[in-house]
There are 2 protein chains.
Amino acid sequence: MSGPIRVVVADDERMVRTALRVILDAESGIEVVGEATTGAEAVSVVRERLPDVVLMDVRMPGIDGIRATEQILATLAAPPRVVVVTTFENDSHVYDALRAGAAGFLLKRAAAEELIQAVRLVARSDSLLFPAQIRDLAARHAPAGATARAWTARLTGREAQVLRLMATGRTNAEIAERMGVGPATVKTHVAAVLAKTGTRDRTQAVIAAYESGFVRPR
Amino acid sequence: MSGPIRVVVADDERMVRTALRVILDAESGIEVVGEATTGAEAVSVVRERLPDVVLMDVRMPGIDGIRATEQILATLAAPPRVVVVTTFENDSHVYDALRAGAAGFLLKRAAAEELIQAVRLVARSDSLLFPAQIRDLAARHAPAGATARAWTARLTGREAQVLRLMATGRTNAEIAERMGVGPATVKTHVAAVLAKTGTRDRTQAVIAAYESGFVRPR
DNA sequence: ATCCGGCTCCGCCGTGCGGGGGAGAGCGCC
DNA sequence: GGCGCTCTCCCCCGCACGGCGGAGCCGGAT
């Protein structure tokens with residue numbers, strides 16, 4: 001699976017969308033395949049275009065970027081990596097986004113090279129992306145969302161995805177079908193989730209997911 | 001089980017506590033067996049005195065009346081009926097309290113006779129208490145919390161209690177032990193909860209409880 | 001070249017859970 | 001007194017779930 005990295009840009013400000021598009025389109029190996037101006041639109045566009053990476057604004061009208069991220073990660077069999085784009089360095093919503101399963105985040109004032117680098121990195125890596133300045137920023141804000149952060153950090157991508165699907169009330173078989181893997185695989189992931197979260201059954205795991213803010217009501 | 005109706009009063013304002021106490025103590029067949037000034041204190045006092053009725057202020061320092069209500073209902077085998085006391089007619093927290101399992105609510109400006117009547121009614125009845133003015137008030141506010149209200153309304157007291165314990169991740173056996181009944185009984189209640197909530201297993205029921213606001217994170 | 005972690009599966013086995021019934025006791029209501 | 005609801009508890013049955021151990025594959029790190 002090579003070919004260009006397919007990117008979808010979701011931001012309600014036209015200027016930002018345009019800026020991201022020109023920077024990325026100018027880069028060989030990266031292709032912007034879609035744009036969205038709301039969270040709901042982002043979900044449907046992602047569903048259509050099936051990109052590798054989504055650049056998602058946190059603050060958007062209607063469904064915000066966090067809920068959009070949740071929906072994308074929960075409903076797609078092979079979800080793209082979501083990078084949250086924010087204006088403010090100390091945006092508390094960033095931590096919500098991370099809990100929601102975002103792969104990383106990026107400041108809007110980042111240089112073009114940083115943006116490109118971030119997209120490439122996140123497209124091939126399965127690990128969380130922590131751009132320089134933000135990494136220790138997260139560390140400093142840790143006390144507030146420490147539980148949830150430690151939580152998600154310990155879960156692998158697949159495990160987090162399985163937990164999100166568990167929190168929709170699905171059985172192992174249904175999760176397997178939706179993720180396009182065998183039931184045995186799902187069982188393995190579920191077992192890993194239970195072990196890492198210190199819970200004894202799926203119900204407790206889901207409760208923990210709610211209590212920690214890993215998933216959120218409504 | 002006759003004898004006087006045992007009441008605990010929880011309110012951070014001394015004047016309110018005193019007023020409630022003198023009114024109720026003057027009445028034969030009603031006995032105020034404890035007072036609390038915070039939510040946390042309310043929980044411990046209720047645990048000690050095991051009253052039939054708790055008059056609970058919504059707004060208190062620390063743990064508020066709603067969380068205190070939740071904790072009382074979830075942790076006691078035979079929980080008392082909780083009546084929420086509020087100053088304002090259109091206090092939105094009242095609906096939270098109802099969702100939390102409060103048996104009814106009362107305005108602080110209610111007449112002494114209304115108060116006594118309410119305590120007697122709630123002490124012997126298992127149905128929700130809707131004092132005159134508040135009943136249609138609830139109807140008018142229905143759209144906002146309609147889902148949750150309709151939800152709890154359809155559940156019997158025992159069923160609601162079981163659901164709350166389910167939402168703490170307990171097994172049927174543990175719920176049975178805590179409630180002081182047999183496991184078979186719990187199974188019956190769980191089955192009723194699943195049927196009434198339209199869910200197929202305990203995990204889905206717990207999710208529904210969170211999504212509807214019947215139980216709340218933190 | 002080796003190791004490690006993540007993802008993908010395979011068995012086996014015990015059991016908690018949920019579905020399907022039924023049944024008796026208490027109680028408020030008409 | 002009879003009706004209906006709630007709460008209590010019983011049976012049997014099938015299955016999804018969770019615990020256990022094992023295995024192969026891959027990519028990144030050392």
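Below, chains carry the letters A, B, ... as their sequence lines are ordered, and counting in each starts from 1.
- The side-chain hydrogen bond (donor to acceptor under 3.5 Å, both in side chains) test applied to Asp201(A) returns no partner, not counting sequence neighbours.
- Remark: side-chain polar atoms of Asn172(B) are not paired, donor with acceptor, to backbone N or O of Lys187(B) under 3.5 angstrom.
- The nearest whole Å value for the distance from the CZ atom in Arg158(B) to the C1' atom in dC9(D) is 14 Å.
- The interatomic distance linking Gln161(B) (CD) with dT6(D) (C1') rounds to 14 Å, in whole Å.
- Distances shown here put a side-chain N or O of Thr156(B) below 4.0 Å from the OP1 or OP2 atom of dC7(D).
- Ile175(B) has its CD1 atom 14 Å from the P atom of dG16(C), to the nearest Å.
- Legend: residues meeting side-chain contact (heavy atoms from CB on, under 4.5 Å) with Thr185(B), ordered by chain and number and at least two apart, are Val181(B), His189(B).
- One end of the helix from dA1(C)-dT30(D) to dC30(C)-dG1(D) points its axis 40° away from the other end's axis, with each axis taken from 5 pairs and the angle rounded to 10°.
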(message) How would you summarise protein contacts on nucleotides 17-24 of chain C per nucleotide, using B for base, S for sugar-phosphate only and - for none, with heavy-atom distances below 4.0 Å?
(response) SBB-----
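- Every side-chain contact (heavy atoms from CB on, under 4.5 Å) that Leu194(B) has, sequence neighbours left out, goes to Val190(B), Thr199(B), Ala205(B).
- With sequence neighbours left out, Glu41(A) forms a salt bridge (Lys or Arg N to Asp or Glu O under 4.0 Å) with no residue at all.
- Using a 4.0 Å cut-off, no side-chain N or O of Thr185(A) falls inside it from OP1 or OP2 of dC7(C).
- Contact annotation: His189(B) does not reach the phosphate of dC9(D) (side-chain N/O to OP1 or OP2, under 4.0 Å).
- A search for salt bridge (Lys or Arg N to Asp or Glu O under 4.0 Å) contacts involving Glu174(B) returns Arg200(A), not counting sequence neighbours.
- Not counting sequence neighbours, the partners of Ala10(A) by the side-chain contact (heavy atoms from CB on, under 4.5 Å) test are Ala36(A), Ala42(A), Met56(A), Met60(A).
- The side-chain hydrogen bond (donor to acceptor under 3.5 Å, both in side chains) check on Arg47(A) picks up Thr75(A), with sequence neighbours excluded.
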